**Q** 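Here you go, one structure.
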Amino acid sequence: MSHRAIHMIVLLVWLTGFFLMGFGVWGFQAGHLMVMGYLLAGAVLYIVAAFTIRCPRCRMPLLLTPMKLLGMDLYRWKLITPGKCGHCGEVL
Ligand SMILES: [Zn+2]
């Protein structure tokens, strides 16, 4: 199974968990805090994944992809792993 497929599944599981937990705990006294905690945990998970998932060839983070805008080199963070490395073009 490719990196991309695994990340899609992780994202779907996270989203399903978010909605299930959101509907389940929203009525509680501090339910919104639980939802915020879940969001924060998801953000921490994404940050860890963004810096640890790297291209096997050039060792750059896969989720960080360069783009050209008006002659400037800009970088953006992606949610899903691209099919090939944005830095060296290595097919994953
Ligand atoms: Zn690369």
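None of the values given here were measured: they were computed from a predicted structure. Whatever order the structure lists them in is the order used to number ligands and atoms, beginning at 1.
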**Q** Please tabulate, for the side chains in residues 18-27, all donor-acceptor contacts under 3.5 angstrom to protein atoms that are two or more places apart in sequence or on a different chain.
**A**
none

**Q** Linking I/L/V/M/F/W/Y whenever any side-chain heavy atoms sit under 4.5 Å apart, do Leu40 and Met36 land together?
**A** no
**Q** Side chain to side chain donor-acceptor pair (under 3.5 Å): which pairs involve residues 4-21, sequence neighbours left out?
**A** His7-Thr81
**Q** Hey, quick one: are Tyr75 and Leu79 part of the same hydrophobic cluster, counting side-chain heavy atoms closer than 4.5 Å, chains of contacts allowed?
**A** yes
**Q** For residues 52-74, please give each side-chain donor-acceptor pair under 3.5 Å, one per line with the distance, not counting sequence neighbours.
**A**
from: Thr52; atom 1: OG1; to: Val48; atom 2: O; distance (Å): 2.7
from: Thr52; atom 1: OG1; to: Ala49; atom 2: O; distance (Å): 3.4
from: Arg54; atom 1: NE; to: Phe51; atom 2: O; distance (Å): 3.1
from: Arg54; atom 1: NH1; to: Arg59; atom 2: O; distance (Å): 2.9
from: Arg54; atom 1: NH2; to: Phe51; atom 2: O; distance (Å): 3.4
from: Arg57; atom 1: NH1; to: Glu90; atom 2: OE1; distance (Å): 3.2
from: Arg57; atom 1: NH2; to: Cys88; atom 2: O; distance (Å): 3.3
from: Thr65; atom 1: OG1; to: Arg76; atom 2: O; distance (Å): 3.4
from: Lys68; atom 1: NZ; to: Asp73; atom 2: OD1; distance (Å): 3.2

**Q** Suppose the cut-off is 2.8 Å; which protein N/O/S atoms would you list for the Zn ion (ligand 1)?
**A** Cys55 SG, Cys58 SG, Cys85 SG, Cys88 SG
**Q** State yes or no: do Leu15 and Ile47 share one hydrophobic cluster built from I, L, V, M, F, W and Y residues joined by side-chain heavy-atom distances below 4.5 Å, directly or via other members?
**A** no
